[in-house]
Amino acid sequence: MKLAIPTPDGEFIARYSEHGLSQLSFPGDCRTMADDSIAPANVEEWHAATIAALKEILAGRTPTALPPLDLTRGTDFQRQVWEVLRKIGPGHTKSYGEVAAAIGNPEATRAVGAACGANPVPPIIPCHRVLAAKGKLGGFSGTKGWKEKLLAREGVHLF
DNA sequence: ATTTACAATATGA
DNA sequence: TCATATTGTAAAT
């Protein structure tokens, strides 16, 4: 089930499985896969929640309510990473190394990067708040410009 | 089953 | 500045 989300910044693509939101893509993202899944019963409700949350994020705020996420593709390690990311307050950032330390594997910085890349819902899990060691931008799924833009809207000043 | 490549980082040349 | 070792995953062989 694939639905578009029109925003002032372009058209995001949300994908739903029977368990919840399974993927969210930036405008023009080629990462979306084929749409083979069935239509969940509550998809309209979930989609409304997704839109609301996304608008909050684009406005630089933390969403108060999120749709159920389908994280079946996530491993334990990835879930731990994502959990840490959601604890980062608005306007704050962490480095990949700090996130790694927070899960108890201070040397798995690279693995943290991989986990962020595997994140199915880029804007909702605030992977854009994860920077490289010295406030450098590092990489991002899609364009780096998005990472900058999202951070700027949250009031994060980049060094 | 083994190798390679990542959105990293610290270290050594 | 460049090469390397390190970690967890996924994708390719």
Original post:
Is the backbone N or O of A:A4 less than 3.5 Å from a side-chain atom of A:H47, with the two atoms forming a donor-acceptor pair by type?
Top reply: yes
**OP:** Determine the interatomic distance between P on C:dA12 and the same-named atom on B:dA7; round to the nearest Å.
**Re:** 15 Å
Subject >> chain A contact limits on DNA chain B, taken 5' to 3' with a cut-off of 4.0 angstrom to heavy atoms >> reply: B:dC6 to B:dT9
Original post:
If you walk 5' to 3' along DNA chain C, what is the first nucleotide with an atom under 4.0 Å of a heavy atom in chain A, and what is the last?
Top reply: C:dT7 to C:dA10
Subject >> DNA chain C: 5'-proximal contact among A:T109 and A:G74 (nearest heavy atom) >> reply: A:T109
Subject >> Residue pair A:W82 / A:P120, side-chain heavy-atom distance below 4.5 Å >> reply: yes
Original post:
In dot-bracket, 5' to 3', how would DNA chain B read with Watson-Crick or G-U wobble pairs under 3.5 Å, [ ] for crossing ones and | for pairs to another strand?
Top reply: ||||||.||||||
Subject >> Between A:H128 and A:E148: side-chain donor-acceptor atoms closer than 3.5 Å >> reply: no
**OP:** Taking A:Q78 for its side chain and A:T75 for its backbone only, find out whether a donor-acceptor pair lies under 3.5 Å.
**Re:** yes
Subject >> Close approaches to DNA chain C from residues 101-108 of chain A, in residue order (heavy atom, under 4.0 Å) >> reply: A:E107, A:A108
Original post:
With sugar-phosphate meaning primed atoms plus P, OP1 and OP2, does A:A118 contact a base, only sugar-phosphate, or nothing at under 4.0 Å between heavy atoms?
Top reply: nothing
Donor-acceptor contacts, no H, no angles, side chain residues 87-94 of chain A, under 3.5 Å, sequence neighbours left out:
none

Original post:
Say you draw a straight line from CG of A:L66 to CG of A:L54; how long is it, rounded to the nearest 0.5 Å?
Top reply: 10.5 Å
Original post:
Between the side chain of A:R15 and the main-chain N/O of A:L21, is any donor-acceptor distance below 3.5 Å?
Top reply: no
**OP:** Please work out if A:S141 contacts a base, only the sugar-phosphate, or nothing of the nucleic acid, heavy-atom cut-off 4.0 Å.
**Re:** base
Subject >> Residue-level proximity of residues 77-89 of chain A to DNA chain C when a heavy atom falls under 4.0 Å >> reply: A:F77, A:Q78
Original post:
Could you go step by step and tell me if A:K55 and A:D9 meet the salt bridge (Lys or Arg N to Asp or Glu O under 4.0 Å) rule?
Top reply: CA-CA 10 Å; A:K55 285 186 176 174; A:D9 293 288; over 6 Å; no
Original post:
Would you say the side-chain atoms of A:R153 pair up with the backbone N or O of A:L58, donor to acceptor, closer than 3.5 Å?
Top reply: yes
**OP:** Kindly compute the distance separating CD (A:E56) from OG1 (A:T64), expressed to the nearest 0.5 Å.
**Re:** 6.0 Å
**OP:** Just say parallel, tilted or perpendicular for the rings of A:F26 and A:F140, cut-offs at 30° and 60°.
**Re:** perpendicular
Original post:
Is the backbone N or O of A:P27 less than 3.5 Å from a side-chain atom of A:W146, with the two atoms forming a donor-acceptor pair by type?
Top reply: no
**OP:** Tell me, with the steps shown, if A:E154 and A:R129 meet salt bridge (Lys or Arg N to Asp or Glu O under 4.0 Å).
**Re:** CA-CA 10 Å; A:E154 291 183 4; A:R129 294 197 189 121; 2.7 Å; yes
Original post:
Within the side chain of A:N105, is there an N or O that forms a donor-acceptor pair under 3.5 Å with the backbone of A:E107?
Top reply: no
Subject >> A:K2 side chain reached by A:I13 side chain, heavy atoms, under 4.5 Å >> reply: yes
